[in-house]
Amino acid sequence: MSGSPLMVNETNFEDQVVKAAKPVMVDFWAAWCAPCRMVAPVVEKLAKEFDGRITVAKLNVDENPKVAARYGIRSIPTVIIFKGGKPVDQVVGARLEGEFRSRLNTVLAS
Amino acid sequence: MGARDYDIIIVGGGCAGLAAAIYTSRARLRTLLIEKEVGVGGQIVTTNHVENYPGFPEGITGYDLTQAMRRQAVKYGMETLAAEVSGLVPGEFTKVLRTTAGEHTARAVIIASGAAHQHLGVPGERELAGKGVSYCATCDGPFFREQRVAVVGGGDAAVTEAGFLTHFATKVYLIHRRDQLRAQQINQERVFADPCIEVIWDTLVTAIEGDEEVKALHLHHVKTHEESVLEVAGVFVSIGFRPNSGFLRGVLKLDPNGHIITNEVMETDVPGIFAAGDIRLNSGRQAITAAGDGATAAIMAERYVSALRASRPATLYI
Ligand SMILES: Cc1cc2nc3c(=O)[nH]c(=O)nc-3n(C[C@H](O)[C@H](O)[C@H](O)COP(=O)(O)OP(=O)(O)OC[C@H]3O[C@@H](n4cnc5c(N)ncnc54)[C@H](O)[C@@H]3O)c2cc1C
């Protein structure tokens, strides 16, 4: 299982993201969202690359609207990086791999 | 040939660039396609219903259409680079492309950088992007279930977006700065027949209000000069497109709006540099016309490269 994105949902969000010891990057996505399909391979790649240092997770906003609403998601893909249970960085829209990588590295270094 | 030297470099991975790449790769020309966004596909990726691309009578999503084009080009050897082109230096034998991933060179270049949606340029727009300000109803519409939203614009894209949003929103305001729509008749009829859509005529949006999310729009009536406030949870900006040609200023002949001027075989005023798709003046602004332009540009570029090779002794071929 390691090295691939962790699927999170309303039930396990608290344990897997909010109470997580390591930073967690959550990709908020939905099946109907084409730009989400464009970033999906990047998210998978980052999950492998940061394995053991940052948990890379995906949350389906259609199936988990409460979590999406809690974080004010109004556009997807939105990626939020959590540290100590709190959002510390957020990217709205599909971006190149390099941008996510540098933001993850910044969070690791902070 | 060096690692960063190609026969053909294509700038932009929309329908025009991908169609061109299928042709040049299949012609055994070493082809590099440079795309600044994650993945290729261009503007059409944002639509889930392409109903007028020949060959798909049931319709197809923009994503599936362009990813199939990508696979077709990759099959014949197209290489891709995720980078933004910032400059082009034309030379007779070597054209240099400056990119965020270094310089790359080619014998011929096809510019297929397309167009990007225009911004309103009003206070609040940038700050609230992704928090209620959107440029893509099919991407963000489902977040506005049971809420009131506005669409700004009066063309086909705007009215199509307004129609799509009625699937989610309780009320869709279509705000247009004139007293009639520009959209095709069939699309206008749909708007007027839809009880969920209310058109607000002769009106400009002057500001978007909200802290964490969009709360209201500030409006100005262009005839009565009355100011008003409209409470909405979302605003979809659909006021047209501007060509992505900033990096070509001073290099190629552009029209005052920034479209590249070509002849009917996609040649620009600089030999060896071709243009295809929405970036061109008088383009049909459709996926199929972009793909057609791309194919024409590729055929002409292929001829140009063959002629260039024939004119040079092999020893000079670096
Ligand atoms: C919402 C919507 C719905 C549409 N529906 C339809 C439809 O149903 N049927 C239809 O036929 N057409 C439709 N269109 C129009 C169609 O999408 C365009 O005509 C077509 O995409 C044009 O293709 P293109 O390759 O010329 O440009 P684009 O699709 O704009 O592609 C250009 C690409 O170049 C890239 N680029 C730009 N500048 C640079 C740079 N400096 N460096 C590197 N890369 C760069 C861009 O990121 C982009 O990916 C629709 C458009 C929109 C927005």
Side-chain angles (χ1 to χ4, degrees), chain A residues 5 25-49 56 58-81 86-104, chain B residues 13 34-50 60-67 70 80-84 99-101 126-147 149 164 167-168 210-214 233-236:
Chain A
M25 169 181 132
V26 184
D27 168 26
F28 293 82
W29 70 284
W32 43 262
C33 157
C36 298
R37 294 170 76 176
M38 311 281 264
V39 283
V42 170
V43 171
E44 276 167 31
K45 196 166 166 193
L46 293 169
K48 280 198 187 68
E49 194 176 320
V56 173
K58 287 171 73 109
L59 181 121
N60 184 319
V61 299
D62 275 347
E63 290 161 12
N64 306 284
K66 282 193 200 125
V67 180
R70 192 186 314 152
Y71 294 99
I73 308 292
R74 286 276 174 172
S75 178
I76 49 173
T78 289
V79 164
I80 302 183
I81 308 174
K86 298 223 159 39
V88 290
D89 196 7
Q90 176 168 347
V91 188
V92 180
R95 302 291 172 81
L96 293 185
E97 192 178 308
E99 171 153 0
F100 292 112
R101 180 176 297 115
S102 72
R103 284 167 183 261
L104 289 174
Chain B
I34 307 178
E35 169 57 56
K36 68 180 168 62
E37 301 291 334
V38 54
V40 298
Q43 289 170 62
I44 197 111
V45 166
T46 59
T47 181
N48 285 331
H49 297 285
V50 181
I60 183 166
T61 71
Y63 178 86
D64 289 336
L65 178 64
T66 52
Q67 301 318 300
R70 183 187 63 78
T80 52
L81 174 72
E84 179 164 358
T99 84
T100 47
R126 189 194 294 252
E127 295 80 353
L128 293 163
K131 297 173 181 167
V133 176
S134 172
Y135 302 87
C136 175
T138 50
C139 308
D140 305 333
F143 291 106
F144 298 89
R145 283 200 176 89
E146 306 299 316
Q147 288 175 307
V149 298
F164 177 78
H167 298 306
F168 313 99
D211 300 322
E212 279 303 294
E213 51 189 36
V214 170
V235 53
F236 292 81

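Side chains are part of it too, since the values below use all heavy atoms of this structure and drop only hydrogens, waters and symmetry mates. Throughout, protein chains are lettered first and strands after them, A, B, ... in sequence-line order, and every chain is numbered starting at 1.
Looking at B/Gln147, only its side chain comes within 4.5 Å of chain A, counting heavy atoms on both sides. Residue contact with chain B, scored on non-hydrogen atoms closer than 4.5 Å, involves the backbone of A/Arg95 exclusively. With a 4.5 angstrom heavy-atom cutoff, B/Thr138 touches chain A only via backbone atoms. Heavy atoms closer than 4.5 Å to chain A are found in both the backbone and the side chain of B/Glu37. Using a 4.5 Å cut-off between heavy atoms, B/Val40 contacts chain A through its backbone alone, with no side-chain atom that close. If you measure heavy-atom distances from B/Phe143 to chain A, the contacts under 4.5 Å come from both the backbone and the side chain.
Within residues 59-73 of chain A, the residues having any heavy atom less than 4.5 Å from a heavy atom of chain B are, in residue-number order, A/Val61, A/Ile73.
One finds the CD atom of A/Gln90 at 10.0 Å from the CD1 atom of A/Ile81 (value rounded to the nearest 0.5 Å). The CD atom of B/Glu213 sits 9.0 Å away from the CG atom of B/Leu128 when rounded to the nearest 0.5 Å. To the nearest 0.5 Å, the span separating CD1 on B/Ile60 from CD1 on B/Ile44 amounts to 10.0 Å. Separation of atoms CZ (B/Phe164) and OG1 (B/Thr47) is listed at 8.5 Å; rounding is to 0.5 Å.
A distance below 6.0 Å separates the ring centres of B/Phe236 and B/Phe144.
The existence of a salt bridge linking B/Lys131 and B/Asp211 is excluded, since no basic side-chain nitrogen approaches an acidic carboxylate oxygen closer than 4.0 Å. A salt bridge does not link A/Glu44 to A/Lys48: none of the charged side-chain nitrogens sits closer than 4.0 Å to a carboxylate oxygen. A salt bridge does not link A/Lys45 to A/Glu49: none of the charged side-chain nitrogens sits closer than 4.0 Å to a carboxylate oxygen.
Nearest heavy atoms, A/Pro35 versus A/Pro77: CB-CD, 3.7 Å.
Checking A/Asp89, A/Ile80, A/Val56 one by one against A/Met25, the side-chain contact (heavy atoms from CB on, under 4.5 Å) holds for a single residue, A/Val56.
Between chain A and the options B/Pro142, B/Ala82, B/Gly62, the largest number of non-hydrogen pairs under 4.5 Å is found for B/Pro142. Between chain A and the residues B/Gly39, B/Cys139, B/Gly132, the largest count of heavy-atom pairs under 4.5 Å involves B/Cys139.
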